[in-house]
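Reading through the structure tokens given below for one structure.
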Number of protein chains: 2
Amino acid sequence: MSKCEQCIVREFSSLKALNKEELLKIADCKSSYTIKKGEAIFSEGENVNGIFCIKDGVCKLSKLSTNGNDQIVKLITKGELLGQRSMISDEPVNLTAIALEDMEVCFIPKAEIMGFFNENNKFSMDIMKAICGDLKEADDHLVNMAQKPVKQRLAETLIYLYDSFGIDTDNSLNIKLSREEIAGMVGTATESCIRLLSDFKKSGHIELSGKKIIITDISKLKRL
Amino acid sequence: MSKCEQCIVREFSSLKALNKEELLKIADCKSSYTIKKGEAIFSEGENVNGIFCIKDGVCKLSKLSTNGNDQIVKLITKGELLGQRSMISDEPVNLTAIALEDMEVCFIPKAEIMGFFNENNKFSMDIMKAICGDLKEADDHLVNMAQKPVKQRLAETLIYLYDSFGIDTDNSLNIKLSREEIAGMVGTATESCIRLLSDFKKSGHIELSGKKIIITDISKLKRL
DNA sequence: GATAAAATATGATAATTGTCATACTATTCA
DNA sequence: TGAATAGTATGACAATTATCATATTTTATC
């Protein structure tokens, strides 16, 4: 049983508002899991009854549309929490979380969290603000999906990946996504996504070598 | 100064969690406004510093996309609250609220609400749940926008209007929206919206007489 | 390392959607 | 009332995007 007190990622989420005593309580009731790439942490419709704290790795939050396509709503990474909305609404989760790389996560039961929620004002306020941030993000995202053409959405997705995950030593985006997954973020067909990436390559905005994507001119992408 | 205690719409929002004493406090510090059709309650980027309680009327919550189009994110009606997210995030509002009909609204300053928020657990929990509901709705909406074709989105918008606002004595939808506004909800060009409405008319799904829309076969719309 | 399977790429084509022009209708207001 | 204006409707066309077919490349597996 590792100690939450010494867990660094805690500093990046609402859990930073918890005191020593509360962290000890969590360490006592949490369970740690290793999730392999491609495995689900939870699936749409499941009752989760707690939240996950992402200790390491990245996952995608997606939802199956009635047309059979998976739309990726959001990527969640080290330090973030998962399942807060569902816990507070007291409802099954609305999205599916699947690991994009091997992950380390801790599960904290709802009862424990809700206890802190009622007693630690800073903590509940922090959780609320995080959810409010998600709501604003979702509204903005919605407007983009409804109003911007695929090319622009793809460009903005690449910029988002660059800003959020940075680049590797070879200058390629430091997150591994298949073309199908990128298409799932953009909200388009996989072939359309591939085609536009080829276009971006031809116009010198990016370089492609295998799965790797190198953004050579981010200002060009921003100006699309 | 009207009494919040006797205001019926309060029962439809988180304000129902407030006790007599708290309602008296609100009645004391609130201000009431009449908003004429077409006027803004607030605009994107403004600092609002409180919440609005909709006593009567309907408004649209929209956001201007960089392409110059207004995307309508949500309609808000009698009994609902406005500006909760912004208040909790302590940020300017993210959306513009414009009256679709003459409205009666009350403004309650942030300081007052935040006071109850810290003391009345049921109240803060209710507000949270409302915001969590908005987040779920926004995620679902986003997936629809990204994955469904315009025709299906229009059909679902009409069904939503039917379910939320019902029909008038002449069977027409009990909410007045211009074609441009319907297009703004669907996320398409006004002409495309008009054209598809004509198609729906030709195939006997709806009837159009002037601005009025009558859904003649809702099951057909649902099956699109 | 050879082969199968999966992922990526590209062409051809169709379907969807947007844009611009123009006509028609309803509403406003002098 | 009648002109002006805004809103609705439709045609013609262009641009965008999806779909299906088929290479080509990469990855996985034995």
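Here is how names work: the chains are called A, B, and so on, in the same order as the sequence lines, proteins then strands, and each is numbered from 1. Just so it is clear, the values below take in all heavy atoms, side chains as well, and ignore hydrogens, waters and symmetry mates.
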CG of B/Leu208 versus P of C/dC24: gap in Å, rounded?
-> 19 Å
Nucleotides 12-30 of chain D: protein proximity per nucleotide (B base, S sugar-phosphate only, - neither; heavy atom, under 4.0 Å) = B----SBBB----------
Value in whole Å for how far the P atom of C/dA26 lies from NZ of B/Lys212 | 13 Å
Separation of D/dT8 atom C1' from B/Glu180 atom CD, nearest Å, is 11 Å
Taking atom P of C/dA21 as reference, at what distance in whole Å does atom CD1 of B/Ile194 sit?
-> 17 Å
Nearest-angstrom distance from the residue atom CD of A/Gln152 to C1' of C/dT17 | 16 Å
With under 30° as parallel and over 60° as perpendicular, where do the rings of A/Phe52 and A/Phe42 fit, or are they tilted in between?
-> tilted
Flag yes if more than 12 heavy atoms outside B/Phe165 fall under 6.0 Å of its CZ atom; otherwise flag no.
-> yes
Side-chain donor-acceptor pairs of residues 194-214 of chain A under 3.5 Å, sequence neighbours excluded:
unit_1	atom_1	unit_2	atom_2	d
A/Ser198	OG	A/Ile194	O	3.2
A/Ser203	OG	A/Asp199	O	2.5
A/Lys212	NZ	A/Asp170	OD2	2.9

salt_bridge(A/Asp90, B/Lys129) N-O dist < 4.0 Å | no
Test salt bridge (Lys or Arg N to Asp or Glu O under 4.0 Å) applied to B/Glu101 and B/Lys176, step by step = CA-CA 8 Å; B/Glu101 14 180 284; B/Lys176 271 198 184 171; over 6 Å; no
Tell me: CG of B/Leu197 to P of D/dA9, nearest whole Å?
-> 7 Å
Would you indicate whether B/Lys74, at its atom NZ, is surrounded by more than 12 heavy atoms from other residues, nucleotides or ligands within a distance under 6.0 Å?
-> yes
Distance check: side-chain N/O of A/Ser198 vs OP1/OP2 of C/dT10, anything under 4.0 Å?
-> yes
When the distance from CG of A/Leu177 to C1' of C/dT8 is rounded to whole Å, what number comes out?
-> 15 Å
How long is the line joining CG of B/Asn67 and C1' of C/dG18, in whole Å?
-> 11 Å
